[in-house]
Amino acid sequence: QVQLVESGGGLVQAGGSLRLSCAASGRTFSSYAMGWFRQAPGKEREFVADISESGGMTNYADSVKGRFTISRDNAKNTVYLQMTSLKPEDTAVYYCNGMNVRTYRYYWGQGTQVTVSS
């Protein structure tokens, strides 16, 4: 089993930046593809970005492409989401997700709130 804990959320002004972290505890972090999702009130949880277990492949939602960057440090069992040029519509609870690429089982963190003021 893997446990995921997000941190780094907060209140920022439009145009600002935040760096989210997701720290994982488990037997083999490198066996997990990692992703970030977000959910605003009244909306479905949506995909933001993900990264392969090796870090060699990334994907982004069109809404964040060019502004957000996902990365991972397997030595630290941590995945990051660097967010720049933040917009009010980025306001949401951001969740970390890990998927075991061998079993396809997945796990969620508790979420961290990001609020972007205009």
With rounding to the nearest 0.5 Å, note down the distance linking OH in Y94 to OG in S7.
-> 15.0 Å
Side chains of K76 and S21: closer than 4.5 Å at any heavy-atom pair?
-> no
Can M57 be reached from I51 by stepping across I, L, V, M, F, W or Y side chains whose heavy atoms are under 4.5 Å apart?
-> no
Exercise: identify the closest heavy-atom pair between L81 and V48 = CD2-CG1, 4.2 Å
Linked, directly or transitively: Y106 and V93 (ILVMFWY side chains, under 4.5 Å) = yes
Neighbour count above 12 (heavy atom, 6.0 Å) for Q82 CD = yes
Within one Ile-Leu-Val-Met-Phe-Trp-Tyr cluster: V79 and L18, side-chain cutoff 4.5 Å | yes
Going by heavy atoms in the side chains, are Y60 and R67 under 4.5 Å from each other?
-> no
Between K87 and D90, does at least one N-O distance fall below 4.0 Å, as a salt bridge requires?
-> no
Does N74 use its side chain to pair, donor to acceptor, with the backbone of E53 at less than 3.5 Å?
-> yes
Looking only at heavy atoms, which two atoms of S118 and P88 are closest? And how far apart?
-> CB-CG, 3.9 Å
Is R72 reaching over with its side chain to a backbone N or O of S30, donor-acceptor style, under 3.5 angstrom?
-> no
Is it the case that one hydrophobic cluster holds both V2 and V5, taking links as side-chain heavy atoms less than 4.5 Å apart, direct or via other members?
-> no
Once the angle between the rings of F37 and F47 is folded into 0 to 90°, is it parallel (under 30°), tilted (30 to 60°) or perpendicular (over 60°)?
-> perpendicular
Could you tell me whether a side-chain N or O of T78 sits under 3.5 Å from a main-chain N or O of A23, the two making a donor and an acceptor?
-> no
Quick one: does T112's side chain have a donor or acceptor within less than 3.5 Å of a partner on G9's backbone?
-> yes
V64 with L20, same ILVMFWY side-chain cluster at under 4.5 Å = yes
Can you find a pair of side-chain heavy atoms, one from W108 and one from R45, that are under 4.5 Å apart?
-> yes
Do M83 and V114 touch side chain to side chain, with heavy atoms closer than 4.5 Å?
-> yes
Under 3.5 Å: donor-acceptor pair, side chain of Q39, backbone of A92 = no
Report yes if some heavy atom in the side chain of M34 is under 4.5 Å from a heavy atom in the side chain of L4; otherwise report no.
-> yes
Locate the shortest heavy-atom distance separating A24 from F29; write the atom from each residue and the value.
-> CB-CD1, 3.4 Å
Hey, is the main chain of C96 close enough, under 3.5 Å, to the side chain of E6 for a donor-acceptor pair?
-> yes
Got a donor-acceptor contact below 3.5 angstrom from the N97 side chain to the Y107 backbone?
-> yes
Report the residue from V116, T91, T115 that forms a side-chain contact (heavy atoms from CB on, under 4.5 Å) with L86.
-> V116
